Amino acid sequence: MVLSTIIKNEWRNLLRSRIASWLLGILFILSVFTIWQATGKVKESRHHRQESAAYMREKFTGQGEVNPHSAAHYGHYVFKPVSTLSVLDNGVNDFTGVSLYLEGHRQNEAAFAPAQSSSSLVRFGQLTLSLVLQVLLPLFIIFICHSAITRERETRTLAVHLAQGTPLRTLVWSKTIAYTVLWIAFLALNLAILWLMTRSAAAPVSTARLGGLWLLYAGYYFIITALSVLVSAGSKSSGNALLTLLFAWLLCTVLLPKVTANLGDNLSPLLTRTELEERISTDKKNGIDGHNPSNERTQQFKDSLIKAYQVSSPDSLPVNLDGLLMQEDEEYNNIVYDKHFGTVQRLIKKQNAATAVSSWINPFAFVRNISMALAGTDVYHHFDFAGQAEAYRRVIIKTMNEAQAYGGSKTGDWEWTVSADFWKKIDDFSYQAPSVGQALQNNKTEIASLLLWVLLAVLLIHFGSNRLSVNL
Amino acid sequence: MKNIFTYEWKLFIRNKTMPATWLLMFGIGLYALYYGRSFSDTQLDTITKIDTAYQARIQTQLQRFSADTTTKEGMSDYRNVHDAYMNEWYTRPMVWKQPEGLQALSLGQSDNQPFYYNLWIYNNVYNTRQPELRNPDKLLAGNFDLSFVIIYLLPLLIIAYSYNVVSADRENGLAGLLNVQGVSQRAIVSGRLLFRCCTVLVLALLLSIIGIIINGVAMGAAAGWLGVNVLYILFWFSLVYWLTASGQSGAVTAVKLVSLWVVLLIMIPSLFNSLQKINEDAKMEIAEASREYGGKIWDMDKQLLADTFLLVKPEWKEYFILKNDTNDLRSVAYTYFTVYNMNRVGRGIDSAALQQQSRLERFNYVNPVFATQLLYNKLAATELNNFIVFREAASAYQQQRYELIAQKELSGEKLTPASFQAYPKFVQPVTGLTAGDWFRSMIPVMCFMLIALLLGNYYWKNNAHKK
């Protein structure tokens with residue numbers, strides 16, 4: 001029997017099965033519901049943040065004639081834009097802050113994570129399309145594919161296939177292809193609906209990212225289908241195959257993700273907030289090398305200014321010393337913050353490496369991480385936003401300090417103000433999301449394991465199928 | 001029944017898979033206890049460091065009351081320590097939420113909420129923008145505590161033990177023999193389920209008792225915890241009793257049970273979570289309160305600010321008459337209004353979050369797993385409401401200190417060692433559950449259990465002839 005005949009036959013059988021049609025129908029309704037519901041949420045969230053950002057910008061540019069240093073203390077708020085693809089995968093969004101307070105002297109982190117206003121229900125996760133695609137559809141694949149070969153064995157048709165000269169490998173290939181094509185079609189349909197529903201969004205879905213997600217999930221379904229059919233081919237009964245696959249599903253989707261995340265946490269524990277603040281404070285005070293106290297730094301800077309301007313004392317400087325000192329302090333603090341926040345980010349990356357490495361044994365790990373990266377909702381996108389917001393903070397604080405220094409005020413004159421239109425000259429914050437290539441930079445291990453899993457599945461079917469015991 | 005138990009016991013011992021999975025789950029449970037304990041230990045360690053540093057600051061301040069005023073530095077210390085406001089700046093009072101013993105068993109939201117606050121007057125508990133450092137990926141994955149093992153993994157053990165409780169006899173050819181002997185299959189299955197239920201109960205209770213002992217949990221909370229264990233396990237066995245009553249093959253029953261597990265543990269809770277509304281406007285309001293009020297109030301005309309302040313605090317008028325230093329007036333009024341506004345907004349946000357939690361609890365009748373998790377967390381004082389109560393208490397304590405300091409500042413009263421030591425102490429709010437609360441929380445689980453048992457009985461009666 002040729003490959004195409006088996007594929008068509010398999011599709012026919014599946015369509016005839018009322019349970020399978022019902023389950024697939026329910027999954028489809030569920031996925032459309034999640035897209036519809038998440039689209040509404042994303043729209044609402046985006047609207048709020050855009051409104052808030054515009055309001056804060058208005059406040060910032062409309063603060064009028066104020067002392068620039070007072071304005072640095074009043075600060076400014078920027079808001080993390082909502083990724084349209086969070087309709088598909090909300091990633092870590094519930095656990096990361098949505099706004100960042102930019103002020104003089106200190107670097108803050110994004111605050112007000114939604115999970116902080118929620119009960120522990122938030123720990124059960126959200127019913128999103130990613131949950132359907134990563135967890136529920138694979139379960140459905142297992143329910144359908146566990147009996148792909150055992151059914152043939154139990155109904156004695158396997159012997160007929162083999163007698164007709166169809167090798168077990170062809171049978172396994174045909175069934176794998178038949179089912180994978182169905183899941184990919186289901187996936188394409190869902191992504192098309194998502195694209196249609198978010199077409200009018202302020203930030204339309206990136207085709208490259210959507211294409212990447214399609215490829216990712218297609219590969220994932222191929223792996224699960226191939227393994228399910230192979231387990232079916234190697235099992236004595238459908239029951240055995242089902243129980244083996246269910247155990248693997250639970251292990252991969254429920255147990256391992258939690259175990260690896262906790263293991264990462266144990267292996268590379270983060271600093272406590274007090275430790276971090278102490279270290280920052282010590283470095284600010286004693287210098288980053290511990291031998292450069294802040295008062296000495298200040299004196300050296302004053303001396304360098306006196307020399308540069310060729311004056312006898314700081315009071316004779318033609319510029320406002322306060323502004324220059326504050327900027328000098330900012331520059332030093334920036335080095336301190338880069339050092340310590342860099343350490344925190346490196347530790348988080350190290351913790352996440354445990355999950356990334358687990359993708360060699362757990363396909364769910366790579367699909368979860370790459371999906372979040374492509375949807376722009378992983379922790380690295382959050383770091384990217386925080387980095388860009390911090391760069392913006394440094395620009396506005398420098399602008400304010402320079403206005404204080406060179407704007408025409410005298411040292412010690414804290415009542416001096418800039419003109420009301422000064423604030424309008426400072427550009428607004430605009431977050432630029434990384435390209436697909438940049439977004440996937442942190443997921444090299446996961447991409448490698450995806451490719452390896454696909455290769456492994458192909459090799460197992462090609463070279464392993466015929467070696468399986470036929471057990472007629 | 002005795003024969004069934006003896007048979008089941010022999011089967012349990014002879015079958016290598018069952019004891020192995022039991023031991024594996026026991027090992028997983030021990031890891032969960034270790035994980036929870038290490039989390040609590042880290043918190044306790046942080047608290048010790050905070051407390052040590054705080055006590056050291058208090059001692060330093062007390063010593064400054066007798067500072068050597070012949071030196072410039074000593075003079076400055078002496079002046080500052082007698083000034084209530086400056087003294088507060090140097091003291092930087094800290095409060096923390098002492099972890100309950102059960103926290104190590106059910107971490108709840110404790111990794112997602114601040115558990116200590118620096119109550120320096122200008123800080124605000126509702127605007128503590130930066131709680132402990134956490135990895136968002138780890139928060140997403142959740143904690144591997146004992147409540148996770150009981151809620152997520154024990155039902156899987158129950159399914160693995162019981163999915164073939166009816167079909168195994170048929171598949172082994174024993175069903176016919178048992179029928180010939182005239183033994184009721186329902187009685188046999190009930191006996192078997194009871195035995196298997198006991199093995200899972202022993203596991204859950206053993207792990208819980210170990211956790212209770214090593215974490216020094218109070219008797220009442222321990223009893224509440226153990227009671228939840230028993231009911232939750234009985235709830236799952238009642239579902240097994242219902243779904244095995246149809247007498248279908250083991251594989252079909254396993255599929256049904258796993259599907260039910262997916263629905264109860266993944267789909268229903270995640271659906272309710274997706275439907276909850278997070279009000280981003282509220283967060284915007286606190287950002288606004290922090291940025292806007294601060295600037296506006298500070299830039300107000302000093303006289304206008306003082307007059308406005310006296311409208312809300314007329315009892316402080318005498319201090320204002322005494323005080324000539326307008327900077328002090330401005331400082332006190334500024335702090336009052338800023339703190340007042342931030343607290344107003346913050347309490348509003350917390351109150352909305354509590355209302356949301358209470359709305360969600362109404363749906364626990366269709367979300368029994370969350371009802372169980374919620375009760376575990378409440379017993380361990382790690383639920384959102386516990387942190388909100390702590391936050392409110394911290395805010396009230398800060399307000400109490402502020403009033404005292406502001407009065408001293410405005411009246412010109414010098415702080416003395418005695419009055420400093422007589423400052424009020426922070427009292428940890430009590431958020432314990434009553435037996436009635438416990439019972440009400442478990443009603444959804446009990447209802448589910450009852451329905452499953454009734455359905456099971458119904459199917460056993462109607463399908464008796466098929467088996």
Side-chain angles (χ1 to χ4, degrees), chain A residues 34 37 45 48-49 52 59 74-75 77 92 94-96 98-99 101 108-109 111-112 114-128 131 135-136 139 143 238-239 242-243 246 250 254-255 257-259 261-262 264-266 270-274 276 344 348 351-352 355 379 382, chain B residues 35 38 42 46 49-50 108-109 112-113 129-144 148 152-153 156 249-251 254-255 258 262 266-267 269-276 278 280-281 283-284 286-287 290-292 294-295 349 353 356-357 360 370 373-374 377 383-384:
Chain A
T34 59
Q37 206 247 349
S45 226
H48 279 307
R49 291 190 205 176
S52 305
K59 289 277 161 195
Y74 298 156
Y77 272 91
V92 298
D94 279 349
F95 300 96
T96 52
V98 297
S99 67
Y101 180 49
N108 292 316
E109 291 153 68
F112 307 126
Q116 285 176 345
S117 317
S118 176
S119 66
S120 52
L121 185 66
V122 77
R123 312 316 280 268
F124 284 85
Q126 286 205 26
L127 186 59
T128 56
L131 184 88
V135 179
L136 301 181
L139 185 65
F143 283 160
S238 299
L242 181 64
L243 292 177
L246 282 179
L250 287 165
V254 180
L255 205 60
K258 211 175 265 262
V259 169
N262 285 277
D265 187 37
N266 285 347
L270 286 174
L271 307 169
T272 62
R273 170 71 57 193
T274 37
L276 178 75
V344 172
I348 289 179
Q351 288 189 350
N352 292 350
T355 312
V379 73
H382 182 71
Chain B
Y35 178 82
S38 63
T42 310
T46 307
K49 281 181 188 162
I50 290 169
Q109 283 286 67
N112 206 19
Q113 292 285 342
R129 296 181 293 259
Q130 297 163 350
E132 277 302 284
L133 296 169
R134 300 283 179 218
N135 177 357
D137 268 298
K138 162 73 184 51
L139 290 175
L140 178 67
N143 289 307
F144 205 107
F148 166 74
Y152 277 82
L153 304 185
L156 295 174
S249 74
V255 169
V258 171
V262 170
I266 298 179
M267 289 176 66
S270 62
L271 176 67
F272 278 108
N273 184 26
S274 302
L275 294 175
Q276 31 174 6
I278 301 291
E280 288 197 3
D281 271 350
K283 281 160 196 148
M284 178 61 210
I286 203 152
S290 138
R291 192 201 174 283
E292 192 64 9
I349 293 174
Q356 175 136 291
Q357 183 181 326
L360 276 172
F370 176 59
Q373 180 70 70
L374 200 65
N377 293 347
E383 192 44 70
L384 176 71

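Owing to the predicted nature of the structure, the values given are computational and were not obtained by experimental measurement. Throughout, protein chains are lettered first and strands after them, A, B, ... in sequence-line order, and every chain is numbered starting at 1.
For A:Val135, the part sitting under 4.5 Å from any heavy atom of chain B is the side chain, from C-beta outward, and nothing else. Both the backbone and the side chain of B:Phe370 come within contact range of chain A, with heavy atoms under 4.5 Å apart. Looking at B:Val255, both its backbone and its side chain come within 4.5 Å of chain A, counting heavy atoms on both sides.
Here CG of A:Leu255 is found 5.0 Å from CZ of B:Phe144. Values are rounded to the nearest 0.5 Å. Of the inter-residue distances, the one linking B:Gln113 atom CD with A:Ser118 atom OG reads 9.5 Å to the nearest 0.5 angstrom. Interatomic distance, CG of A:Asp265 versus CG of B:Leu139, reported as 9.0 Å (0.5 Å rounding). Here the straight-line distance linking atom OG of A:Ser119 with atom CD of B:Gln373 works out to 10.0 Å at 0.5 Å rounding. In this structure, NZ in A:Lys258 is found 8.0 Å from NZ in B:Lys138, a value given to the nearest 0.5 Å. To the nearest 0.5 Å, atoms CG (B:Leu275) and CD (A:Gln126) are separated by 9.5 Å.
Within the 3.5 Å criterion, the main-chain N or O of B:Leu271 finds no donor-acceptor partner in the side chain of A:Gln37.
Residues B:Tyr152 and A:Leu250 fail the side-chain proximity criterion, which asks for heavy atoms closer than 4.5 Å. Taking 4.5 Å as the limit, some side-chain heavy atom of B:Leu360 sits within range of a side-chain heavy atom of A:Leu121. The closest side-chain heavy-atom distance from B:Glu132 to A:Leu270 is not below 4.5 Å. Using a 4.5 Å cut-off on side-chain heavy atoms (C-beta onward), B:Asp137 and A:Thr355 make no contact.
Considering only heavy-atom pairs separated by less than 4.5 Å from chain A, the leading option among B:Thr42, B:Leu384, B:Leu140, B:Asn273 is B:Asn273. In terms of heavy-atom pairs under 4.5 Å with chain B, the best-connected choice from A:Val344, A:Leu139, A:Val254 is A:Val254. With respect to chain A, the highest number of heavy-atom pairs below 4.5 Å among B:Ala353, B:Ala254, B:Pro269, B:Ser274 belongs to B:Ser274. Looking only at heavy-atom pairs under 4.5 Å with chain B, the residue among A:Leu276, A:Val122, A:Thr96, A:Leu136 that has the most is A:Val122.
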Mind running side chain to side chain donor-acceptor pair (under 3.5 Å) on A:Ser120 and B:Glu383 for me, showing each step along the way? CA-CA 7 Å; A:Ser120 52; B:Glu383 192 44 70; 2.5 Å; yes

Verdict with supporting geometry, B:Asn135 and A:Asn352, side chain to side chain donor-acceptor pair (under 3.5 Å): CA-CA 9 Å; B:Asn135 177 357; A:Asn352 292 350; 2.8 Å; yes

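Contact detail for A:Leu271 and B:Leu133: the closest heavy-atom pair is O-CD1, 3.4 Å. Taking both residues in full, the closest heavy atoms of B:Asn112 and A:Arg123 are given as CB-NH1, 4.1 Å, listed atom of the first, atom of the second, then distance.
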